[in-house]
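Everything below concerns the one structure shown next.
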Amino acid sequence: MNKTINVTVNGAKHTLDVEPRLLLVHMIREVLSMTGTHIGCDTSSCGACTILLDGKSIKSCTVLAVQADGKSITTIEGLAPEGGPLHPLQEGFKENHGLHCGFCTPGMIMRCVELLEHNNNPTEEEIRWGISGNLCRCTGYNNIVKAVQWAGAKMRGEETPSTEPEFV
Amino acid sequence: MIAQSFQYESPGTLAEAIALLNQYGDEAKVLSGGHSLIPMMKLRFASPGYVIDINGIPGLSDIKEENGVVHIGALAREADLEHSALLAKYFPIFKDVTKLIADPQVRNMGTLGGNLAHGDAANDHPAVMIALGASVIITGADGEREVPIDEFFYGFYMTAIQQGEILTEIRLPVPAAGTGNAYHKLERKVGDYATSGVAVQLTIGSDGIVTAAGIGLTNVNPVPLRATRSEEALVGKPLTEENILLAAQYASEDCNPSADLRGSEDYKRHVTGVLVKRMIKKAAERAMAS
Ligand SMILES: Cc1cc2nc3c(=O)[nH]c(=O)nc-3n(C[C@H](O)[C@H](O)[C@H](O)COP(=O)(O)OP(=O)(O)OC[C@H]3O[C@@H](n4cnc5c(N)ncnc54)[C@H](O)[C@@H]3O)c2cc1C
């Protein structure tokens with residue numbers, strides 16, 4: 001039996017008729033056609049499908065769409081206005097080469113939105129623990145850590161660290 | 001991966017939820033954080049006909065202290081436990097354990113009640129509850145009953161929760177002065193289940209004598225295990241290196257791990273002994289500092 005749910009996605013209200021077994025990530029990608037949220041492992045290990053549900057980062061492959069009834073969702077598409085300035089995290093990833101193939105990036109960024117909201121000046125260790133539920137197979141994480149530090153500095157209104165590449 | 005079809009209910013009261021569970025019998029499953037249930041449904045290891053989502057029931061996630069007891073609502077999330085100032089005051093062990101459970105996103109969903117109700121000896125909270133001397137409140141059509149943690153775990157995925165019942169609360173006695181607690185598990189990588197995990201709570205008197213000890217073991221036995229002989233090796237005595245080694249030895253002898261991709265039986269016994277030693281020392285340090 002289908003269920004009618006009300007969800008707010010990136011500020012827009014939707015009333016949807018969904019099967020209870022529909023996963024939230026499929027609702028976002030297939031029902032709402034927002035494909036910025038990726039499916040990686042489909043077993044809640046890789047974090048590619050991370051979105052914000054009422055401001056908290058969660059893995060949308062392991063949440064049912066019906067569980068989002070009455071709640072508010074933010075996906076990577078909702079982070080910056082179309083054509084407007086990028087979110088500091090998006091800018092940070094761009095400036096610091098925080099991505100190569102880009103597959104993990106939307107989930108990585110959505111996770112870090114919550115991380116920086118709790119603490120906009122995290123240590124390297126805090127960042128590494130903070131993204132421990134997100135796998136990246138390209139960067140080796142170092143540039144992701146830098147990207148998050150860069151975004152933190154920007155959000156604190158401080159001068160952003162140099163983005164000169166580091167040769168090791 | 002998509003679960004088999006089911007009917008979804010989201011009752012707004014406990015009474016309603018219990019009525020639904022009684023109506024649908026063994027075809028129904030409670031949904032809390034969903035981070036054990038939904039993966040199992042996606043893999044079709046579980047295919048309940050009815051899913052009863054209890055997240056809409058108010059008042060099931062409070063963490064509060066009353067008359068010498070800390071009450072934790074079954075729906076308190078790992079992230080709530082991680083950041084609770086009340087828990088940090090008496091039970092720094094919650095910071096130890098939550099950090100080692102999965103990852104931040106999973107911890108935003110998973111609940112303490114679900115972690116215990118799942119009845120999996122690989123989960124980390126059962127051992128912690130054993131060390132802290134917890135009891136759980138189970139609510140059914142006839143009201144609630146309090147079950148000591150030692151009578152809660154029956155077997156693989158089996159607990160004292162009966163059909164038509166919901167685990168609603170966890171109770172922890174506020175520890176006496178001079179108490180410390182600690183948890184650690186060996187994991188191969190973040191989010192992995194324990195190769196072995198050890199929870200310890202110790203109370204040490206001003207004369208240096210251990211007056212109470214709780215030691216729980218993760219994933220080295222078919223059910224979460226209380227290391228009774230290890231506890232006895234400590235209580236009523238000063239905390240000497242010799243007694244600590246004896247407690248560690250007993251735990252490695254008394255657990256019953258099975259060989260798997262995390263290691264052989266011998267290796268797991270060894271790791272258990274090492275962790276018991278370390279966690280006794282860490283709990284003792286915290287007890288001294290308290
Ligand atoms: C990637 C990943 C890594 C993980 N790593 C760890 C780890 O390292 N350590 C660890 O301990 N856990 C780990 N888990 C499990 C996680 O902690 C789960 O959240 C937890 O086991 C179950 O809690 P839940 O609230 O999600 O319960 P659910 O999944 O909602 O429920 C689990 C079971 O308990 C029943 N149930 C739930 N709540 C109640 C209740 N109140 N009354 C009666 N029955 C109930 C359900 O019907 C179901 O059978 C991991 C999970 C994932 C996805």
Side-chain angles (χ1 to χ4, degrees), chain A residues 1-5 18-26 30 39 41-71 107-108 110-115 117-119 122 125-135, chain B residues 1-12 28-29 31-56 75 77-80 82-83 95 98-111 114 187-193:
Chain A
M1 205 184 11
N2 277 15
K3 203 177 140 50
T4 303
I5 59 168
V18 299
E19 241 196 297
R21 62 176 174 168
L22 180 74
L23 296 171
L24 189 54
V25 70
H26 293 302
E30 286 147 33
I39 301 173
C41 68
D42 202 8
T43 56
S44 60
S45 301
C46 79
C49 64
T50 301
I51 55 140
L52 301 182
L53 185 61
D54 277 351
K56 291 189 171 148
S57 55
I58 57 102
K59 294 178 172 178
S60 59
C61 74
T62 308
V63 176
L64 304 167
V66 286
Q67 288 178 273
D69 187 21
K71 296 198 158 81
M108 198 65 89
M110 296 317 290
R111 168 62 204 132
C112 293
V113 170
E114 193 195 6
L115 176 72
E117 215 145 83
H118 283 294
N119 172 8
E125 200 195 342
E126 285 166 340
I127 295 171
R128 288 187 185 272
W129 274 103
I131 58 170
S132 59
N134 296 74
L135 298 180
Chain B
M1 293 177 295
I2 313 287
Q4 209 154 334
S5 292
F6 56 87
Q7 186 172 321
Y8 172 84
E9 302 280 355
S10 49
K29 279 262 179 216
L31 176 75
S32 289
H35 271 51
S36 287
L37 182 59
I38 293 173
M40 290 183 76
M41 288 170 64
K42 288 172 69 178
L43 293 164
R44 311 260 174 140
F45 291 154
S47 296
Y50 302 86
V51 169
I52 317 296
D53 183 350
I54 62 172
N55 288 275
L75 283 182
R77 317 255 166 206
E78 300 294 347
D80 300 331
E82 200 173 349
H83 298 119
K95 279 225 194 302
T98 49
K99 191 176 181 186
L100 296 169
I101 292 180
D103 56 58
Q105 291 96 311
V106 174
R107 295 199 291 272
N108 274 338
M109 291 299 295
T111 67
E187 55 179 1
R188 297 170 306 167
K189 59 181 180 62
V190 162
D192 189 24
Y193 291 94

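Letters A, B, ... mirror the listed sequences (proteins, then strands); counts begin at 1.
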query: Can you name the nearest heavy-atom pair linking B/Leu31 to A/Leu64, along with the distance?
result: CD2-CD1, 4.5 Å
Contact summary for B/Pro104 and A/Gly130, nearest pair of heavy atoms: CG-O, 3.5 Å
- prompt: Quick one: does B/Asn108's side chain have a donor or acceptor within less than 3.5 Å of a partner on A/Ser57's backbone?
  reply: yes
task: Under 4.5 Å heavy-atom distance to chain B, tell me which part of A/Ser132 shows up: side chain, backbone, both or neither.
output: both
message: Looking at every non-hydrogen atom in both residues, tell me the closest pair between A/Leu23 and B/Met1 and how far apart they are.
response: CD1-O, 3.6 Å
task: Kindly indicate, with the supporting measurements, whether the criterion side chain to side chain contact (heavy atoms under 4.5 Å, CB included) is fulfilled by B/Met109 and A/Thr62.
output: CA-CA 10 Å; B/Met109 291 299 295; A/Thr62 308; over 6 Å; no
- line: In terms of heavy-atom contacts, A/Gly47 and B/Gln105 come closest through CA-NE2, 4.5 Å
query: With only heavy atoms counted, which part of A/Gln67 is less than 4.5 Å from chain B, the side chain, the backbone, both or neither?
result: both
- line: Cut-off 4.5 Å, heavy atoms of chain B, and the answer for A/Lys56 is both
Salt-bridge contact B/Asp103-A/Lys59 (side-chain N to carboxylate O under 4.0 Å): yes
Side chain to side chain, B/Lys42 and A/Cys61, heavy atoms closer than 4.5 Å: yes
query: Which bit of B/Lys99 is near chain A, if near means a heavy-atom gap under 4.5 Å: side chain, backbone, both or neither?
result: both
- request: To the nearest 0.5 angstrom, please state how far the CD atom of A/Glu19 sits from the CZ atom of B/Phe6.
  value: 8.5 Å
query: Looking at CD1 of B/Ile2 and CG of A/Asp42, how far apart are the two atoms once the value is rounded to the nearest 0.5 Å?
result: 7.0 Å
message: Going by side-chain hydrogen bond (donor to acceptor under 3.5 Å, both in side chains), name the residues that satisfy it together with B/Arg107, two or more places apart in sequence or in a different chain.
response: B/Glu82
field: side-chain hydrogen bond (donor to acceptor under 3.5 Å, both in side chains) against A/Asn2, all qualifying residues, sequence neighbours excluded
entry: A/Asp17
